A.B. asks: 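What follows is a single structure, and I will ask about it in a moment.
Ligands are counted one by one from 1 in listed order, and the atoms in each one are counted from 1 as well. Quick caveat: nothing in here was measured; it's all calculated off a predicted structure.
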Amino acid sequence: MATALCPGSFDPVTNGHLDIIERTARHFDDVIVPVTRNPQKSGSLFTLEERQEMLREVTAHLTNVTIGSLEGLLVDYAEEHRAQTIVKGLRAVSDFDYELQMAQMNQRLSGIDTFFISTSPQYSFLSSSLVREIAQFGGDVASMVPPAVAKRLAERFGTNASGEAS
Ligand code: PNS
């Protein structure tokens, strides 16, 4: 069984994340999506449970994908879950430095390999932090996140799913 990890904070999951998870699921028998309990980025909008719930909803059509939670080191999680590969999306050169550093560190720690998938061009500008900011100020994020996520953002910020105050 070839098992891959697609880790992240997913606060919230975007169409760009979903694209990477869907494409990873085509190449591996099993894909686990470990969601970080305490994202390094300060001030998470959604709780771990909410982020996992949204991920479960939007990956429900992918039968080989399961959602997990990550508290310690990713390499330890990989060993516990017998995952041989980490898969990450690369949006632009700006992602590359940090992703390469993490890939090399993880390789040094346990020998695990990281595969990079290039983000589909229509999602190269997309990030959870921008989606949060746009939704917070009433902007329309309907084309950037799955409908279930747009609904949650609207509920959280008291706007309708197109970003208008309600
Ligand atoms: O979506 P993000 O926040 O960019 O994801 C970063 C993530 C979760 C992949 C990274 O922070 C991570 O692997 N965290 C687990 C702790 C760990 O193993 N740190 C050492 C990385 S070399």
A.B. asks: Taking all atoms of both residues into account, what is the closest heavy-atom pair of Pro7 and Lys88, and its distance?
C.D. replies: CG-CE, 3.7 Å
A.B. asks: Pull out every atom of ligand 1 sitting under 4.0 Å from any heavy atom of Gly72, numbered as shown with elements.
C.D. replies: 15 (C), 16 (C)
A.B. asks: Specify side chain, backbone, both or neither for Gln101, according to which of its non-hydrogen atoms lie closer than 4.0 Å to ligand 1.
C.D. replies: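 Under 4.0 Å from ligand 1, Gln101 contributes no heavy atoms.
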A.B. asks: Output the list of atoms in ligand 1 that are nearer than 4.0 Å to some heavy atom of Lys88, sorted by atom number.
C.D. replies: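 Contacts of ligand 1 toward Lys88, numbered from 1: 9 (C).
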A.B. asks: Over all heavy atoms of both residues, which pair between Leu73 and Leu70 is shortest? Give the atoms and the distance, please.
C.D. replies: O-CD1, 4.0 Å
A.B. asks: Does any N or O atom in Tyr98 lie less than 3.5 angstrom from one in ligand 1, N or O only?
C.D. replies: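 Looking only at distances, the answer is no, because the N/O contact criterion of under 3.5 Å is not met.
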A.B. asks: Taking only heavy atoms of Leu74, which atoms of ligand 1 are found under 4.0 Å from at least one of them?
C.D. replies: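 That gives atoms 13 (O), 17 (C), 18 (O) of ligand 1.
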A.B. asks: Give the numbers and elements of all ligand 1 atoms closer than 4.0 Å to a heavy atom of Thr36.
C.D. replies: 8 (C)
A.B. asks: Is Glu49 salt-bridged to Arg56, cutoff N-O under 4.0 Å?
C.D. replies: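 So Glu49 does not pair with Arg56 through a salt bridge.
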A.B. asks: Is a donor on one side and an acceptor on the other found under 3.5 Å between the side chain of Ser9 and the backbone of Asp11?
C.D. replies: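 It does not hold such a pair.
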A.B. asks: Does any N/O atom on Met102 come nearer than 3.5 Å to any N/O atom on ligand 1?
C.D. replies: no
A.B. asks: Tell me, please: is Ser128 in heavy-atom contact with ligand 1, that is, under 4.0 Å?
C.D. replies: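 Not so, Ser128 does not reach ligand 1.
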A.B. asks: Could you see which bit of Leu70 sits under 4.0 Å from ligand 1, with heavy atoms only: side chain, backbone, both or neither?
C.D. replies: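 It is the side chain that touches ligand 1; the backbone stays farther off.
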A.B. asks: Record the part of Leu73 in heavy-atom contact with ligand 1 below 4.0 Å; permitted values are side chain, backbone, both and neither.
C.D. replies: both
A.B. asks: Within the supplied structure, the quantity of interest is the number of heavy atoms (other residues, nucleotides, ligands) at a distance under 6.0 Å from Glu79 CD; does it exceed 12?
C.D. replies: no
A.B. asks: Within ligand 1, which atoms have a heavy atom of Met105 less than 4.0 Å away?
C.D. replies: 22 (S)
A.B. asks: Any sub-3.5 Å donor-acceptor pair from Asp29's side-chain atoms to Ala2's backbone N or O?
C.D. replies: yes
A.B. asks: Please state which option from Ala103, Ala78, Ser44, Gly8 has its nearest heavy atom closest to atom 5 (O) of ligand 1.
C.D. replies: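 Looking at heavy atoms only, Gly8 sits closest to atom 5 (O) of ligand 1.
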A.B. asks: Anything under 30° is parallel, anything over 60° is perpendicular, the rest tilted; go ahead and classify Phe10 against His17.
C.D. replies: perpendicular
A.B. asks: For Gln84, look at atom CD and say whether over 12 heavy atoms of other residues, nucleotides or ligands are found less than 6.0 Å away.
C.D. replies: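 Yes.
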